[in-house]
Amino acid sequence: MQSGSILTNKRICLTVGLGGVGKTTMAAVLGLQAAVCGKKALVMTIDPAMRLADALGLTSLPSGKHRLIKKSRMQQEGIPARSDLTVTMLDTGRSFRELIRREIPSQKARNRILEHTFFQKLCNDLAGSREYAAMEEILHLDRRGGFDLLVIDTPPSNQALDFLDAPDRILDVLEHGSYRWLMRPALLAGRIGLKILDFSGGYVVRTLTKFTGTPFLAELASFVDLFSGFMEGFHQRASAFKVILRSFECALVLITTPDPNRSDETLALYQKLCARNLIPHTLAVNRYTYPLEPLPDDPEIADQLLTHLGHALQSTKADAKSIFQAMRSSHEIINTKAARDDTHVRWLTGKLEQRSQVQKIPFFPDDIHSLGGLEKIRQAVFEPGAKAC
Amino acid sequence: MKDFATNHLRKHLSRRLMIFTGKGGVGKTTLSAAFAHLAGRTGKKALFAQIRSSKNLLGLYGIHTQNNGPLPLGPNTDWINLNPKDALETYAMQTLKLRSVYQAVFEQRSVTKFLRAVPALGEILILGHLVHIIEQGRYDLTVLDAPSSISGSLMLSAPRTVMETAPDGPLQAGARWIHRTLSDRHITVINLVTTPEELPVNEAMHLHKNLTSKLGLPPGMLYVNRLIQDPFAAFSDKILKKAITAMQEIEPGRIYSHATAQLRAHCRLQKKYLALAEAKIDLPTINLPDLIRQTNAIAIIDELTQRLSQHIEDEVCNPARS
């Protein structure tokens with residue numbers, strides 16, 4: 001099938017979508033497919049939950065560490081892997097520390113940053129900081145090389161947008177220079193210990209301190225001050241990341257499920273992505289129930305089947321009629337779901353840009369959170385077009 | 001068991017803040033909307049609060065607006081979309097009193113950019129707005145559709161994080177004020193929502209531990225949503241296997257066998273995770289069906305409201321049972 005091309009000529013692949021649609025699973029499946037194609041891939045999840053570990057059936061995956069899944073291990077599970085697969089989970093604190101070590105050449109300046117209380121807060125997985133750390137981490141891995149493909153599992157929708165907007169947010173702050181003039185009075189106050197309102201331009205800062213308190217602002221200001229002189233590097237990387245996200249070598253896979261509650265929100269997300277010129281390469285509809293063949297509507301055939309079932313169950317004293325009825329209703333339940341899924345997928349796909357492909361991933365009524373289970377999905381998605389990679 | 005859970009349900013409806021959290025896609029939004037409507041029906045003034053939502057819920061009701069509310073959603077029920085910008089304005093106006101001062105400071109591009117870069121400030125502002133609404137007393141009950149798991153637990157733990165890390169000052173005091181309300185069991189109750197599937201149940205377990213044990217927020221109930229009705233519950237495995245084999249023997253019977261095998265696998269799986277959830281999450285549980293025949297979210301919310309109200313009315317009509 002076409003979506004083999006999700007990975008063709010790609011260096012980075014991002015799975016995005018609302019919570020619980022199967023982003024991590026899809027990221028893992030893309031990683032497996034890369035391994036099957038003989039590509040060295042790294043799958044990284046940004047979410048601090050142990051989701052990737054869950055999805056890959058790994059009992060523990062220390063955050064920030066890379067774990068290698070050997071091709072022999074995958075082959076044992078029936079996956080025709082030709083390369084090893086690396087999986088990892090972003091560790092915000094570790095990424096920030098390594099970033100500082102790479103970017104700040106002076107030992108003294110480095111230590112002042114690493115020991116700053118505000119830095120500790122940034123490392124604490126505070127909302128917003130992991131999105132930025134993820135950006136830096138991806139850029140670092142991409143520049144360092146060593147992998148043919150990076151698969152990034154982003155956090156759910158709103159946070160995914162935070163993540164995709166991270167470079168803009170940094171650029172905004174840096175380009176505007178707002179931090180400088182905002183911070184100057186606070187900086188002076190922090191250093192000399194005087195009240196902020198004694199300084200010129202302090203009106204805004206004075207009002208801000210009503211919210212944050214003077215010590216907080218002074219702390220933040222002294223932290224920002226530690227970076228003065230290094231801002232150019234941050235600026236360059238944020239710009240570079242923005243370009244990479246929109247390049248041909250980066251594929252965005254938007255994942256959804258066919259629930260009635262989901263289609264509106266997924267479309268809204270799709271449109272927000274397009275508005276940012278981040279047009280999803282593929283819309284993957286996960287857990288899609290395919291319809292079964294219809295039951296024969298001839299009452300005579302039904303009677304024959306019931307008679308046959310009655311004979312087969314004769315020795316069991318079971319009521320063949322009620323079992324037959326239950327079998328009928330199982331068919332009805334599945335096809336009702338299938339019809340509902342079809343309606344929602346049609347509605348959604350009718351509203352997409354032509355450039356986005358649609359890929360249905362069947363619902364598996366059993367455990368898929370193991371290598372073997374992931375392989376089932378990989379086959380369903382990629383097997384018909386395995387040559388495409 | 002059902003009566004036990006029903007008692008809790010009634011108690012929770014008399015609190016001031018019901019929070020629903022759980023993994024994404026388990027139906028938190030529809031369930032919390034149903035609770036807001038339920039409260040509205042019983043004569044309470046209810047507020048359904050979403051956080052930074054793309055306003056999809058209101059859109060479902062045919063209301064398309066840039067307004068973040070509060071806007072009427074139904075009888076006695078309002079809707080609000082909590083977001084950092086409105087929260088900041090509400091808070092700033094309270095402190096500064098003068099709109100001109102607010103505009104002079106907070107509507108400056110550099111200030112808004114700067115504030116966006118302050119970690120956890122958005123979360124604190126949103127929760128602060130929520131607590132402010134509760135204290136204002138315009139609503140008897142606020143139902144919060146909290147963001148899914150991770151961001152949800154980050155959001156709900158933001159006051160604690162700030163309490164532990166921010167120096168003394170308004171931010172610290174604000175965090176304390178929010179945490180007091182969130183952790184008061186006479187005011188707040190945290191409910192978990194899951195579906196009978198592996199990852200949602202794992203996350204519900206994780207959230208239960210984090211929110212109640214670590215953060216000390218008052219635990220409520222576990223809602224297991226989207227249970228497929230099992231048409232084979234009354235039959236033994238042995239008989240079903242026989243039936244499946246028998247039907248495979250003749251051509252059109254094959255479709256019956258196929259459907260049976262597929263749905264049975266699904267039901268077995270859901271039974272396994274339902275049992276896991278009940279064993280590992282020590283909370284009263286209410287099971288809710290997968291409303292597969294309903295094709296739009298409003299119909300689902302209506303039916304859930306109906307079912308939940310039956311839960312309560314049963315109790316009122318048959319007090320002898322409890």
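In the text below, chain A, chain B and the rest are named by the order of the sequence lines, each starting its count at 1. The figures that follow rest on heavy atoms only: side chains count, while hydrogens, waters and symmetry mates do not. Keep in mind that what you see is a predicted model, and the values were worked out from it rather than measured.
The closest side-chain heavy-atom distance from A:Arg328 to B:Pro231 is not below 4.5 Å. Contact check for A:Asp259 versus B:Arg226: side-chain heavy atoms found under the 4.5 Å cut-off.
The line from CG of B:Leu240 to OG of A:Ser330 is 9.5 Å long, rounded to the nearest 0.5 Å. To the nearest 0.5 angstrom, B:His258 atom NE2 is 5.0 Å from A:Leu292 atom CG. To the nearest 0.5 Å, atom OG1 of residue B:Thr260 and atom CD1 of residue A:Ile323 are 9.5 Å apart. Remark: B:Asp290 CG to A:Ile333 CD1 distance equals 9.5 Å, nearest 0.5 Å.
Proximity to chain A is limited to the backbone of B:Gln294, based on heavy atoms less than 4.5 angstrom apart. Both the backbone and the side chain of A:Ser322 come within contact range of chain B, with heavy atoms under 4.5 Å apart. Proximity to chain A (any heavy atom under 4.5 Å) is shown, for B:Arg268, by neither the backbone nor the side chain. Contacts of A:Glu332 with chain B are made by side-chain atoms alone, with heavy-atom separations under 4.5 Å and no backbone atom involved. The part of B:Ile228 that comes within reach of chain A is its side chain, from C-beta onward, which places non-hydrogen atoms under 4.5 angstrom from that chain. Interface remark: B:Asp230 contributes no atoms to any contact with chain A (heavy atom separation under 4.5 Å). If you measure heavy-atom distances from A:Thr256 to chain B, you find no contacts under 4.5 Å at all.
Between B:Ile292 and A:Lys337, the shortest heavy-atom contact is CG2-CG, 3.5 Å. Of all non-hydrogen atoms in B:Ala243 and A:Leu313, the two that sit nearest each other are N-CD2, 4.1 Å. The two residues B:Met247 and A:Leu309 make their nearest non-hydrogen contact at CG-CD1, 4.0 Å. The nearest pair of heavy atoms linking B:Ile250 to A:Leu305 is CD1-CD2, 3.2 Å. When all heavy atoms are compared, the tightest approach of B:Ile255 to A:Glu293 is CG2-O, 3.3 Å. When all heavy atoms are compared, the tightest approach of A:Ile301 to B:Pro252 is CG2-CG, 3.6 Å.
In this structure A:Phe363 satisfies the ring-ring contact (aromatic ring centres under 6.0 Å, His included) test together with B:His266, sequence neighbours excluded.
The greatest number of non-hydrogen atom pairs below 4.5 Å with chain B, out of A:Pro296, A:Ala302, A:Ala339, A:Ala312, is found for A:Pro296.
Heavy-atom neighbours of A:Asp297 CG from other residues, nucleotides or ligands within 6.0 Å: at or below the threshold of 12.
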Go through the steps for B:Gln229 and A:Ser329 under the test side-chain contact (heavy atoms from CB on, under 4.5 Å), then give the verdict. CA-CA 10 Å; B:Gln229 61 160 79; A:Ser329 44; 5.5 Å; no
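Pairs passing the ring pair (Phe, Tyr, Trp, His ring centres under 6.0 Å) check and including a residue from residues 291-325 of chain A, sequence neighbours excluded, read A:Phe324-B:Tyr256.
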